[in-house]
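The next block holds one structure in the form of structure tokens; read it before the comments.
For the numbers below, each heavy atom of this structure counts, side chains included, while hydrogens, waters and symmetry mates do not. Every chain is numbered from 1, with letters handed out A, B, ... down the list of sequences.
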Amino acid sequence: MNYWLVKSEPEAYSWADFTRETSTDWTGVRNYQARNNLQAMQPGDLVLFYHSVSEKAVVGVAIVHAAAAPDATAEAGSPWVAVHLRPHEALARPVPLAALKAEARLSQLALLRQSRLSVTPVRPEEFDLVLELGAG
DNA sequence: GCCAACGTTGGC
DNA sequence: GCCAACGTTGGC
């Protein structure tokens, strides 16, 4: 099992929107590196859900429900893919970007090293630590 | 609102 | 194939 992080601007699509829908196709990724990460996701993988821009915090955990398939919002024949995600659990306390940056053990976190990439891998120990930080 | 990072486009 | 110009993302 692998771990990931996806970013979303809460004004565009928030954790609340996600849980209201009960599942979603993670469409709209138009960056090759991010697409490669989407393609590597397998059902059961866990995905940190990060609110960018206005909130800048990890707010929940999603689970990959279906592996990558062509992105229905992209032109037919285009290389873009989407995975199907379902909410797994909300964090008791959102973990702000500042807290991620302040934690030395997260210094290699892909989110911090490549802040513009919208889908990034997360190491198992990093994932566990973020969950600890977000526990009640 | 500004700007750094970085991906893309297009002229040469 | 190089690189300048430009657009976008996202933190501050």
Could you give the side-chain donor-acceptor pairs of residues 60-78 of chain A under 3.5 Å, partners two or more places apart or in another chain?
{"residue": "H65(A)", "atom": "NE2", "partner": "R86(A)", "partner atom": "NH1", "Å": "3.4"}
{"residue": "D71(A)", "atom": "OD1", "partner": "T73(A)", "partner atom": "N", "Å": "2.7"}
{"residue": "D71(A)", "atom": "OD1", "partner": "T73(A)", "partner atom": "OG1", "Å": "2.6"}
{"residue": "D71(A)", "atom": "OD2", "partner": "G28(A)", "partner atom": "N", "Å": "2.8"}
{"residue": "D71(A)", "atom": "OD2", "partner": "R30(A)", "partner atom": "NH1", "Å": "2.8"}
{"residue": "D71(A)", "atom": "OD2", "partner": "T73(A)", "partner atom": "OG1", "Å": "3.3"}
{"residue": "T73(A)", "atom": "OG1", "partner": "R30(A)", "partner atom": "NH2", "Å": "3.2"}
{"residue": "S78(A)", "atom": "OG", "partner": "E75(A)", "partner atom": "O", "Å": "2.9"}

- request: Heavy atoms under 4.0 Å is the rule here; annotate nucleotides 3-10 of chain B 5' to 3' with B where the base is hit, S where only the sugar-phosphate is, and - elsewhere.
  value: --BBS---
message: Per the side chain to side chain donor-acceptor pair (under 3.5 Å) rule, what does the pair list look like for residues 118-136 of chain A, sequence neighbours excluded?
response: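 Listed by first then second residue: nothing to list.
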message: Quick one about S23(A) and H84(A) (side-chain donor to acceptor, distance below 3.5 Å, no hydrogens or angles considered), yes or no?
response: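 Present: a donor and an acceptor within the cut-off.
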task: Sort out for me which residue in L131(A), L133(A), V59(A) forms a side chain to side chain contact (heavy atoms under 4.5 Å, CB included) with L91(A).
output: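 Testing each of L131(A), L133(A), V59(A) against L91(A), the sole residue satisfying side chain to side chain contact (heavy atoms under 4.5 Å, CB included) is L131(A).
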field: Atom-to-atom span, NE2 of H51(A) to P of dG11(C) - whole angstrom
entry: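 Rounded to whole Å, this separation is 12 Å.
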message: Using the rule given for side chain to side chain contact (heavy atoms under 4.5 Å, CB included), can you reason through L111(A) versus Y50(A), listing the C-alpha separation, both sets of side-chain angles and the distance that settles it, and then say yes or no?
response: CA-CA 10 Å; L111(A) 172 72; Y50(A) 176 81; 4.1 Å; yes
